[in-house]
> 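Have a look at this one before I ask anything.
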Protein chains: 2
Amino acid sequence: MYSSLVAHIAKFVTLDESEKEVLCSLLTYEKFKKKEHLLKEGQSGNTQYFIVKGCTRQYIINEKGTEQTLQFAIENWWVTDYLAFHNNTSSQFYFQAIENCEAITLEKSNMEIVLEKVPKLEKYFRLVLQKSYGASQIRIKYLFTMSAEERYHNMNNRFPEFMQRVPQYMVASYLDFSPEFLSKIRAGKT
Amino acid sequence: MYSSLVAHIAKFVTLDESEKEVLCSLLTYEKFKKKEHLLKEGQSGNTQYFIVKGCTRQYIINEKGTEQTLQFAIENWWVTDYLAFHNNTSSQFYFQAIENCEAITLEKSNMEIVLEKVPKLEKYFRLVLQKSYGASQIRIKYLFTMSAEERYHNMNNRFPEFMQRVPQYMVASYLDFSPEFLSKIRAGKT
DNA sequence: CGAAAATTTGACATGACTCAACTGGAGTGG
DNA sequence: CCACTCCAGTTGAGTCATGTCAAATTTTCG
């Protein structure tokens with residue numbers, strides 16, 4: 001049940017059997033149907049989610065009432081509002097399944113317990129965060145240096161399969177332009 | 001010499017004297033004059049910097065040859081290109097002192113040694129990264145939901161002192177618009 | 001099959017950029 | 001301590017990338 005997480009951890013640190021047991025005793029497993037929310041704005045951000053299967057997005061609703069996708073996540077990524085998680089406040093973001101999903105959940109209080117008992121996991125989570133933060137830095141770089149059209153082509157080249165999985169209007173907001181504009185880019189040049 | 005870092009760590013985990021000694025034996029201390037670079041694009045990103053004093057920025061040079069500031073950092077922040085640091089590749093960013101600065105440096109190889117000997121620091125760095133990543137998520141949110149003018153006023157309200165310390169053209173590029181435009185915002189409304 | 005959601009298309013609007021010229025202040029060196 | 005330069009900031013005119021809105025079309029899915 002938790003084997004995909006255990007396998008992911010094994011890429012970074014080596015756990016023995018008893019450590020794995022401690023960890024697994026503190027996890028839960030949840031399924032989310034397409035469009036269901038893992039976490040909503042305003043809810044306590046005290047849980048993080050490891051995506052076992054499927055695809056999720058992080059979004060907000062702006063003052064005009066439209067949704068803006070800030071991030072996607074697929075298999076083997078941890079997601080949550082880390083500022084809320086860090087400060088024990090409520091989430092500023094929605095996290096939603098955009099396909100049927102399965103996720104492993106870890107509450108902050110349980111995380112603290114398991115880190116106490118299995119300190120090796122500090123390294124694991126540090127590395128996961130280091131990678132996520134690095135990805136976030138690059139994302140900002142792309143937003144700053146590329147035009148809307150370039151961002152679209154760049155994403156299309158780097159993640160062609162992914163673009164099939166996700167509705168265009170979510171991609172458009174992820175790349176920070178309107179769905180109509182995306183449609184026009186596609187019309188201009190397959 | 002390293003007391004500001006030791007104090008910062010103490011906010012997150014408690015080290016005993018011998019642990020502090022191990023840590024300090026693996027650090028170096030560097031001063032940077034205003035406009036000097038801590039790290040340049042293309043150089044190995046194998047070092048992270050803890051800002052003791054002063055202010056730095058992370059920037060890139062875009063295809064038009066103009067600089068774009070992606071992030072500022074002041075006292076008590078760690079900076080580096082974390083993707084490069086993670087993957088042992090070269091930095092995609094410039095990191096530059098915008099005031100005379102003092103920084104504590106930690107090389108990746110030394111970081112690995114100290115984490116081996118003082119595992120408590122895994123927690124410290126995990127928390128630092130968790131916070132940085134959270135801040136980065138929020139930054140993307142602001143870029144997406146606010147107009148250029150709103151981003152300026154928001155920043156002005158939240159960091160009035162900081163705005164005094166930094167040239168306007170850097171603020172403009174940090175907020176992702178032109179210096180001329182910033183000048184016009186200011187003209188329209190103190 | 002029908003309703004709702006997603007995408008496309010076109011006309012029009014505008015926020016922000018570019019470029020160029022001007023102003024003012026901070027260093028620098030004679 | 002003045003004169004000169006240079007860089008940051010300002011201002012205005014013209015432009016363009018992308019947004020908005022509304023209507024038409026296609027796709028999805030109960």
> Could you check how far CE of A/M163 sits from P of C/dT7, rounded to whole Å?
11 Å
> In this structure, how many angstroms lie between the P atom of C/dA16 and the CG atom of B/L182, rounded?
12 Å
> Look at A/S178 and D/dG19 and indicate whether a side-chain polar atom (N or O) is within less than 4.0 Å of OP1 or OP2.
yes
> Is the shortest side-chain N to carboxylate O distance from B/E36 to B/K33 below 4.0 Å?
no
> Measure the acute angle between the ring planes of B/F32 and B/Y49, then classify it against the limits of 30° and 60° as parallel, tilted or perpendicular.
perpendicular
> Between C/dT14 atom C1' and A/F181 atom CZ, what is the distance in whole Å?
15 Å
> Name the closest nucleotide to the A/Q168 side chain, picking from C/dA16, D/dG19, C/dT8.
C/dT8
> Measure from CD on B/E67 to C1' on D/dA8 and round the result to the nearest Å.
13 Å
> If each of A/R151 and A/E180 is mapped to the nucleotide of DNA chain D with the nearest heavy atom, which maps nearer the 5' terminus, i.e. the 5' end?
A/R151
> Using the ring of each side chain (for Trp, its six-membered ring), is B/F12 parallel, tilted or perpendicular to B/Y124, with breaks at 30° and 60°?
perpendicular
> Is the phosphate of C/dT8, meaning OP1 or OP2, less than 4.0 Å from a side-chain N or O of A/R186?
yes
> Choose from C/dA16, D/dT18, C/dT7 the nucleotide whose nearest atom is closest to any side-chain atom of A/P167.
C/dT7
> Could you tell me the separation between the CG atom of A/D176 and the P atom of C/dA16, rounded to a whole number of Å?
12 Å
> If you only use heavy atoms from C-beta on, which nucleotide in D/dT18, C/dA16, D/dA8 is closest to the side chain of B/Y169?
D/dA8
> Hey, can you tell me if B/F72 and B/F162 have their rings parallel, tilted or perpendicular (30° and 60° cut-offs)?
perpendicular
> Tell me whether A/E75 is salt-bridged to A/R165, with the criterion being a basic N under 4.0 Å from an acidic carboxylate O.
yes
> What class does the angle between the rings of B/H37 and B/Y59 fall in, given that below 30° is parallel, 30 to 60° is tilted and above 60° is perpendicular?
tilted
> Without decimals, in angstroms, what is the distance between A/M146 CE and D/dA17 P?
18 Å
> Salt-bridge test for A/E67 and A/R57: reply yes if a basic N is under 4.0 Å from a carboxylate O, no otherwise.
yes
> C/dT18 C1' sits how many Å from B/F177 CZ, rounded?
16 Å
> Just how far, in rounded Å, is C1' of C/dT8 from CD1 of A/I185?
14 Å
> Given the structure, check if the side chain of B/K184 and the base of D/dG12 hold any donor-acceptor pair shorter than 3.5 Å.
yes
> What string of B, S and - do you get for nucleotides 25-30 of chain D, 5' to 3', when a contact is any protein heavy atom under 4.0 Å?
----S-
